[in-house]
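What follows is a short report on a single structure.
We use all heavy atoms of the structure for the numbers below, so side chains are in, but hydrogens, waters and symmetry mates are not. Residue numbering restarts at 1 for every chain, and letters A, B, ... go by the order of the sequence lines.
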There are 2 protein chains.
Amino acid sequence: MSSPATTVPLLPDAIYEQLRSSILNQQDAPGSSITESAVTLRFGVARPTARTAIERLVTEGLLRREAHHTARVPELSRDDIVDLYDSRAIVEGAAIAALASGGTIPAEALSAHRELQAGGENAPFATQDIAFHRALVAGQPSARLSRMHALLMGEIELCIGQVQVNQLLTAGEIAGQHQGILDAVTAGNATLAEQLTRAHIHGSRDRLLGHFDARSAP
Amino acid sequence: MSSPATTVPLLPDAIYEQLRSSILNQQDAPGSSITESAVTLRFGVARPTARTAIERLVTEGLLRREAHHTARVPELSRDDIVDLYDSRAIVEGAAIAALASGGTIPAEALSAHRELQAGGENAPFATQDIAFHRALVAGQPSARLSRMHALLMGEIELCIGQVQVNQLLTAGEIAGQHQGILDAVTAGNATLAEQLTRAHIHGSRDRLLGHFDARSAP
DNA sequence: TCTGCTAGATTGTCAGACAATCCGGTTCAA
DNA sequence: TTGAACCGGATTGTCTGACAATCTAGCAGA
């Protein structure tokens, strides 16, 4: 049914999405280079189309490039991880505090939270975890805080993927901490909500750093 | 010497810059629309070129557009101003605190500060004020904090323009507050530096809001 | 072995075209 | 007279293709 054979030629959005998940899945490993022509061949589109998709990923931090050089999947350094999580703690903490004193919990955040709980201890959690945090920040009134948070979350997804693959945290732990944040928000306790959010983020950061240090000093 | 008649065809950067200052100067008034074809004619380039320049301004917040609609220069509402300055206080406060506990004051910040002082009481201050804040944040170690700050400063420039035109603050007042921030940073007092920064930003916000309210209730 | 140069690959920028979508005024019917 | 459907112009979304500028790497020569 529905539209028969329209086959909407393929937005450049589609390329962006494909490349994005391809990077997050580590199918394009960190350090590997992604040329415009490669993307052109891979998706059968014109180079400018591939180019805009790449540029979008660069602004999100999922790719890096300098002028006249090929775009590469970033290898996040220890400093990158620290910077990323600390910056996120600042912005997301402020956002959750605003939500606690002003708004109400968005439906998307609740459903992501329930899916996370339902998945059980060892279920993959990255998708729902990200969705939960994104939805919570998006539901808060400040548009600028949301925009800044979105700017960070691309790179954060790269990190969360690592946390999941290496089982540095379980779905149960995460769900528990999320529950605490939700309770503080519904109680209208902005200070506690911000504190729990920052603790949650820093906890995740420290697990990842521990893993990083263990691997790099064999 | 130098290259004789190369006449570097004009990067799309140039268009971006021109449009940017054209918006900040209010030559393109808030509310006016900027079509891709108009930019094409105005600069004698191809539409895709004009398009990318516009897209860049949109991501910076200096233009707004929805799908299939013409880009417009935003008319900042009261809520926009509050959101903008409050978000900026959060990010810039954190950045200055980091600078106070870690780094040293960048040379660009100092020179902008001196120019501001040398200009005298009633001199135009917008350019140096912006340069000072940008340089200070750029000199601090966190790359993500810098990126987020840059995302805000486009729209902030729109506001500072208003402050200058309507003489809501004098160069002297601003320079004095900047001096206080610099002193706190060199003293390594992160808490004080953050506090002064937030107060500086909120003060500017309140002047602008006062003006806004006076105009809208005649 | 080191230095300079050439060739291939890659990006930066541009021009032009067609389809899809939106906006305004006009026309027709109730 | 009022309201809603319709139609034409304007604008954006996307694509194709081309050429110039720049970088990287390998080869030749000292």
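- Using a cutoff of 4.0 Å between basic side-chain nitrogens and carboxylate oxygens, A:Asp13 and A:Arg20 are not scored as salt-bridged.
- B:His133 and B:Glu92 share a side-chain donor-acceptor pair at under 3.5 Å.
- A:Ser204 places no side-chain N or O within donor-acceptor distance of the main-chain N or O of A:His200, the cut-off being under 3.5 Å.
- Between A:Glu75 and A:Pro30, the shortest heavy-atom distance links the atoms CG-C, 3.8 Å.
- Taking five base pairs at each end of the helix from C:dT1-D:dA30 to C:dA30-D:dT1 and finding the rotation axis that steps the C1' atoms of four pairs onto the next four gives two axes whose angle is 10°, to the nearest 10°.
- Taking B:Thr104 as the reference, nothing meets the side chain to side chain contact (heavy atoms under 4.5 Å, CB included) condition, with sequence neighbours excluded.
- The distance between atom OH of A:Tyr16 and atom P of D:dG13, rounded to the nearest whole Å, is 17 Å.
- Residues B:Tyr85 and B:Leu208 have side chains in contact (heavy-atom distance under 4.5 Å, counting atoms from C-beta outward).
- One can place CZ of B:Arg51 at 15 Å from C1' of C:dG16, the figure rounded to the nearest angstrom.
- At the phosphate of D:dG13, OP1 or OP2 sits under 4.0 Å from a side-chain N or O atom of B:Arg65.
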Would B:Asp80 and A:Arg144 count as a salt bridge (Lys or Arg N to Asp or Glu O under 4.0 Å) if you check the C-alpha gap in whole Å, the side-chain angles of each, and the deciding distance to 0.1 Å?
CA-CA 9 Å; B:Asp80 279 323; A:Arg144 276 77 185 182; 3.0 Å; yes

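- Side-chain N/O atoms of B:Thr49 include none lying less than 4.0 angstrom from OP1 or OP2 on C:dT13.
- Note on A:Thr35: every side-chain N or O is 4.0 Å or more away from OP1 and OP2 of C:dA9.
- Separating the CZ atom of B:Arg72 from the P atom of D:dT11 is a distance of 12 Å, rounded to the nearest angstrom.
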Please encode protein proximity along nucleotides 17-23 of chain D as a string of B, S and -, counting only heavy-atom distances under 4.0 Å.
BB---SS

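- When the P atom of C:dT13 is taken as reference, atom CD of A:Glu36 falls 11 Å away, rounded to whole Å.
- Phosphate proximity of D:dA10 to B:Ser37: absent, as no side-chain N or O sits under 4.0 Å from OP1 or OP2.
- Rounding to whole angstrom units, CD of residue B:Glu66 and P of D:dT11 are separated by 16 Å.
- Distance CG (A:Asp13) to P (D:dG13): 11 Å, rounded to an integer number of Å.
- At whole-Å resolution of the value, CZ in B:Phe43 and P in C:dA15 are 14 Å apart.
- In this structure, A:Arg64 pairs ionically with A:Glu155, as a charged nitrogen and a carboxylate oxygen lie closer than 4.0 Å.
- Within a 6.0 Å sphere centred on CD of B:Gln167, other residues, nucleotides and ligands contribute 12 heavy atoms or fewer.
- As rounded to whole Å, 12 Å separates atom P of D:dG13 from atom CZ of A:Arg56.
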